[in-house]
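First comes the structure, then the notes that go with it.
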Amino acid sequence: MQLTQDGKIWLALCVVSLSSSASMGNIKIIRKGKSEYLQFDLSTKKFNECQSITLSEYEKNVLSLSLQGFTMNEISNAMHKSIDTIKYYKRQIFEKTETESISSAISYAVNNKLL
């Protein structure tokens, strides 16, 4: 993608994926391996640079094991952590990703290249 000096799109290749956001009009450009992304502002019709969230290795492990279909007890056993610790990691994931379910959090993490 190339932007003009005033932040407008000049040339772009578009790949569309499902959004984990509950509202319409969310346009993000995410580069793998980068902690910044571009968020399109519908009111100004320009892209703004934003900082992406980061997940700890434990939070990534909980998401990855959940994605594989593991239950909370199985995740607890696999990670050698108490069930309360796994619940804590899930609450942290939900807070960081602004989601309310593990499936939404997984979708967010995959779409935003966090896993």
Side-chain angles (χ1 to χ4, degrees):
M1 171 190 272
Q2 291 182 329
L3 301 177
T4 62
Q5 291 294 333
D6 59 351
K8 295 182 180 177
I9 298 174
W10 180 67
L11 179 67
L13 170 68
C14 182
V15 177
V16 177
S17 64
L18 294 176
S19 174
S20 58
S21 178
S23 60
M24 296 187 319
N26 290 293
I27 303 169
K28 291 182 184 178
I29 300 173
I30 303 164
R31 293 188 305 169
K32 191 171 184 172
K34 299 288 183 180
S35 61
E36 303 86 21
Y37 65 92
L38 297 174
Q39 174 80 41
F40 190 71
D41 185 339
L42 291 171
S43 61
T44 63
K45 295 186 174 44
K46 292 184 181 180
F47 281 93
N48 299 315
E49 193 167 305
C50 302
Q51 192 69 27
S52 63
I53 65 168
T54 56
L55 298 176
S56 72
E57 285 304 312
Y58 290 128
E59 292 165 346
K60 288 179 185 179
N61 286 342
V62 169
L63 278 176
S64 181
L65 292 170
S66 297
L67 181 61
Q68 295 173 45
F70 282 55
T71 65
M72 291 257 283
N73 287 331
E74 292 169 335
I75 293 170
S76 174
N77 290 335
M79 292 179 62
H80 307 289
K81 303 283 183 191
S82 73
I83 194 79
D84 289 331
T85 302
I86 302 305
K87 288 178 184 178
Y88 169 77
Y89 291 141
K90 285 180 81 171
R91 280 193 306 272
Q92 291 296 107
I93 292 166
F94 295 157
E95 186 177 310
K96 287 180 179 181
T97 60
E98 299 177 0
T99 57
E100 296 179 1
S101 70
I102 197 65
S103 58
S104 295
I106 290 169
S107 174
Y108 181 95
V110 170
N111 287 340
N112 290 282
K113 313 272 189 266
L114 299 176
L115 286 180

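Only a predicted model underlies this, so the values are computations on that prediction, with no experimental measurement involved. Numbers for residues simply follow the sequence, beginning at 1. Computation of the quantities below employed the complete heavy-atom set of this structure, encompassing side-chain atoms and omitting hydrogens, waters and symmetry-equivalent molecules.
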Distance-only donor-acceptor pairs under 3.5 Å for side chains of residues 86-95, two or more places apart:
none

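- Counting all heavy atoms, side chain and backbone alike, G69 lies closest to E74 at O-OE1, 4.1 Å.
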Practice task
Would you please test F40 and K45 for side chain to side chain contact (heavy atoms under 4.5 Å, CB included) and show each step?
Solution key: CA-CA 7 Å; F40 190 71; K45 295 186 174 44; 4.0 Å; yes
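- The CG atom of N61 sits 10.5 Å away from the OG atom of S66 when rounded to the nearest 0.5 Å.
- Atom NZ in K96 sits 5.5 Å away from atom CG in L55 (nearest 0.5 Å).
- Remark: of the listed residues I106, I75, T97, I106 is the sole one forming a side-chain contact (heavy atoms from CB on, under 4.5 Å) with L63.
- Nearest heavy atoms, E59 versus T54: OE1-O, 4.4 Å.
- Around atom CD of E100, no more than 12 heavy atoms belonging to other residues, nucleotides or ligands sit under 6.0 Å away.
- Rounding to the nearest 0.5 angstrom, the gap separating the CD atom in E98 from the OG atom in S104 is 12.5 Å.
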Exercise for the section: In sequence, state the C-alpha distance, the side-chain angles, and the governing distance for M72 and I83, and then conclude on side chain to side chain contact (heavy atoms under 4.5 Å, CB included). Expected result: CA-CA 7 Å; M72 291 257 283; I83 194 79; 3.5 Å; yes
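- In this structure, Y58 places its OH atom where only 12 or fewer heavy-atom neighbours from other residues, nucleotides or ligands lie under 6.0 Å away.
- Partners of Q51 under the side-chain contact (heavy atoms from CB on, under 4.5 Å) rule, at least two apart in sequence or in another chain, are S35, E36.
- If you take CG on L114 and OH on Y108, they are separated by 6.5 Å, rounding to the nearest 0.5 Å.
- One distance of note links OG of S107 with CD1 of I102; it measures 11.5 Å at 0.5 Å rounding.
- In terms of heavy-atom proximity, S82 sits nearest to S76 at C-OG, 3.6 Å.
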